[in-house]
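One structure is given here, and the rest of the page talks about it.
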Amino acid sequence: MNHPTAPASVDLLPDDVEQDLRASVRAVVDRHAPPDRVTALYDGHDDVTAPLWSAFVDLGLPGLLVPEDLGGAGASAREAAAVLEELGRAAAPSPYLTSSVVATTALHVAGDTEILPALASGEQTAALLVRPASRSGAPALTTVGLPADVLLLPEDGALYAVRGATVTPVSSLDMTRPLARVDLDGAERTLVASDATAAVDRALLVGAGLLAAEQVGVARWCLETTVAYLKERRQFGRVVGGFQALKHRLADLYALVEQADAAARYAAATLATGDPDAPVAVAVAASFCGEAATHAAEEAVQLHGGIGMTWEHPAHLHLKRAKADELLLGTPEAHRRALATLIDLPAPSGSLVE
C-alpha cells in the first residue's frame with residue numbers, strides 16, 4: 001500500500017486502494033454512527049464510539065500508518081486521509097485522528113517499537129498532550145481523543161509515555177471529540193525518546209494536514225445534503241432549489257468544497273511521499289479547509305430553513321465538528337502566519353473564505 005516517490009506532478013485522483021478503503025469505511029460508519037446515535041452523545045449516551053472502534057479494528061485501520069514489521073499496514077497519509085474524510089462526513093466520534101495519526105506518527109518518528117504494536121492492533125489508543133494557546137496566549141495542558149490508554153508528553157525536547165494520570169473532562173462544543181485537563185502528579189512516566197522535537201513537529205504537521213481531509217468530509221456532507229433538500233423542498237408552488245439566489249449560493253459552495261478538496265488531497269499526497277513542499281501544502285490546506293468546512297456547515301443550517309435549526313436534524317453536529325476542527329491543531333490565522341513565514345511573505349490577516 002506504499003506510494004512511490006513523488007513525481008514531478010502529483011496525481012490527486014484517488015487510486016483503487018483508496019476508493020475501496022473509502023467504501024469500506026463509509027459502510028462501517030453508516031452502520032455504527034447514524035445521526036441519532038451521534039446526537040445521543042449530547043445526552044450522555046454513547047453507544048457509538050466503542051462499536052465503531054471495534055469495527056475499525058476489524059478493518060485494520062488503527063495500524064494503517066504503522067510499519068509492517070511492527071504489525072501495521074505500512075500505508076501512507078493518503079489512505080489515512082480517506083478514513084478521516086468519511087469520519088468527517090458522519091461527524092463520527094473516534095480516536096482515529098489522535099491515536100492512529102498524531103500519536104502513531106510521533107512514536108514512529110521517535111523510533112518506538114514497544115507502544116506502536118499495541119496501537120496497530122487497536123488493543124490500546126494513545127493521545128499526544130498539547131498546550132493549545134488561547135487568543136490571550138495562555139496555555140492549558142489539554143488532550144483530545146479520550147479515552148486513551150497512553151498519553152504522550154513532550155517535555156524539554158523529550159517524549160514520555162504517561163500512564164495513570166488524572167484526567168478531568170471539560171466541556172466541549174463538539175462532544176464527539178472530548179477534551180480534558182490532565183494532572184500528571186503521581187503518574188508513571190516512561191522515556192520514549194530523549195530528543196523528540198522532530199517527532200512531535202512531524203506528528204502535528206501530519207495531524208494538521210490530515211485534519212483537512214476530515215474538514216472536507218464535513219463540508220461535502222453539508223453540500224450534498226443541502227442540495228438534496230433544496231431539490232425536494234417546495235415553497236410558493238415551486239421547488240426551492242429553483243430560486244436564482246439559492247442557485248448562486250449552492251454554486252459558490254460547490255466551488256469552495258472542490259477547492260478545499262484539492263488543497264487537502266495535495267497536502268496528503270506531499271505527506272505520503274515525503275515531499276519537501278509538505279509544510280507549505282499543509283499550511284495552505286489547514287488555513288483554507290477549516291474555514292471552508294465552517295462556512296459549508298453554516299450554509300447547511302441556513303438553507304435548510306427551520307428544520308436546520310432543530311436538534312433532530314444532524315446539521316448542528318456538522319457545524320460543531322467544523323468549528324471544533326477549525327481550532328483543534330491551529331487556527332486558520334495561525335496557519336496563514338506559518339505559511340507567510342515559509343514563503344517569505346508578510347503575514348496576512350482576515351479570512352480566505354468570503
Side-chain angles (χ1 to χ4, degrees), residues 1-3 13-38 41 46-108 115-127 144-150 176-178 203 206-207 209-218 220-221 264-265 268-269 271-272 317 321 325:
M1 296 177 72
N2 289 311
H3 286 274
L13 296 177
D15 59 24
D16 291 342
V17 170
E18 293 170 57
Q19 290 177 327
D20 291 344
L21 178 61
R22 188 186 305 277
S24 297
V25 174
R26 183 173 299 188
V28 165
V29 171
D30 287 347
R31 182 165 65 253
H32 292 285
D36 59 329
R37 291 188 190 175
V38 178
L41 286 168
D46 185 0
D47 60 354
V48 179
T49 307
L52 180 60
W53 185 249
S54 179
F56 272 25
V57 170
D58 291 342
L59 289 176
L61 301 183
L64 275 183
L65 297 183
V66 178
E68 294 182 37
D69 60 353
L70 293 177
S76 77
R78 292 184 65 148
E79 287 81 20
V83 176
L84 284 165
E85 186 172 339
E86 293 306 314
L87 286 171
R89 286 182 66 96
S94 173
Y96 186 79
L97 174 68
T98 51
S99 181
S100 304
V101 174
V102 177
T104 291
T105 300
L107 290 168
H108 176 45
I115 302 173
L116 279 175
L119 299 189
S121 68
E123 178 184 348
Q124 294 185 355
T125 58
V144 293
L146 299 177
D149 300 290
V150 182
T176 67
R177 182 159 282 151
V206 173
L210 297 190
L211 179 62
E214 179 177 291
Q215 292 164 332
V216 169
V218 172
R220 194 168 294 284
W221 180 92
R265 287 182 182 275
L271 290 169
L317 299 175
R321 173 60 70 88
D325 278 359

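- Residues passing the side-chain hydrogen bond (donor to acceptor under 3.5 Å, both in side chains) test with Q215: none are found, sequence neighbours excluded.
- Here the closest non-hydrogen pair linking L210 and A268 is CD2-CB, 4.0 Å.
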Could you pull out every donor-acceptor pair under 3.5 Å between side chains of residues 23-34 and any protein atom, sequence neighbours left out?
from, atom 1, to, atom 2, distance (Å)
S24, OG, D20, O, 3.1
R26, NE, E86, OE1, 2.8
R26, NH2, E86, OE2, 3.1

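- A distance of 9.0 Å separates CG in L271 from OG1 in T105, rounded to the nearest 0.5 Å.
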Report all side-chain donor-acceptor pairs from residues 58-65 shorter than 3.5 Å, counting only partners two or more places apart or in another chain.
none

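- The distance from atom CD of E79 to atom CD of E18, rounded to the nearest 0.5 Å, is 5.5 Å.
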**Message:** Is there a side-chain contact (heavy atoms from CB on, under 4.5 Å) between V206 and V102? Walk through the geometry before answering.
**Reply:** CA-CA 7 Å; V206 173; V102 177; over 6 Å; no
Item to check | Pair L97-R177, side-chain contact (heavy atoms from CB on, under 4.5 Å): steps then yes or no | outcome: CA-CA 10 Å; L97 174 68; R177 182 159 282 151; 3.9 Å; yes
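- A distance of 6.0 Å separates CG in D15 from CZ in R78, rounded to the nearest 0.5 Å.
- With sequence neighbours excluded, the residues forming a side-chain hydrogen bond (donor to acceptor under 3.5 Å, both in side chains) with T176 are D174, R321, listed by chain and number.
- Legend: residues meeting side-chain contact (heavy atoms from CB on, under 4.5 Å) with Q124, ordered by chain and number and at least two apart, are A118, L119, D149, V150, R163.
- Distance check, rounded to the nearest 0.5 Å: CG of D47 to CG of L41 gives 8.0 Å.
- With sequence neighbours left out, the side-chain hydrogen bond (donor to acceptor under 3.5 Å, both in side chains) criterion links R220 to E258.
- We find the CZ-OG distance between F56 and S99 to be 12.5 Å, quoted to the nearest 0.5 Å.
- Within the 4.5 Å cutoff, the side chain of V38 has no heavy atoms near those of the L52 side chain.
- With sequence neighbours left out, P35 forms a side-chain contact (heavy atoms from CB on, under 4.5 Å) with P314.
- Taking the side chain as every heavy atom from C-beta outward, P117 and E123 never approach each other to under 4.5 Å.
- Contact annotation: the side chain of W221 never approaches that of L317 to less than 4.5 Å [non-hydrogen atoms, C-beta and beyond].
- Screening V101, V216, L211 for a side chain to side chain contact (heavy atoms under 4.5 Å, CB included) involving L84 leaves a single residue, V101.
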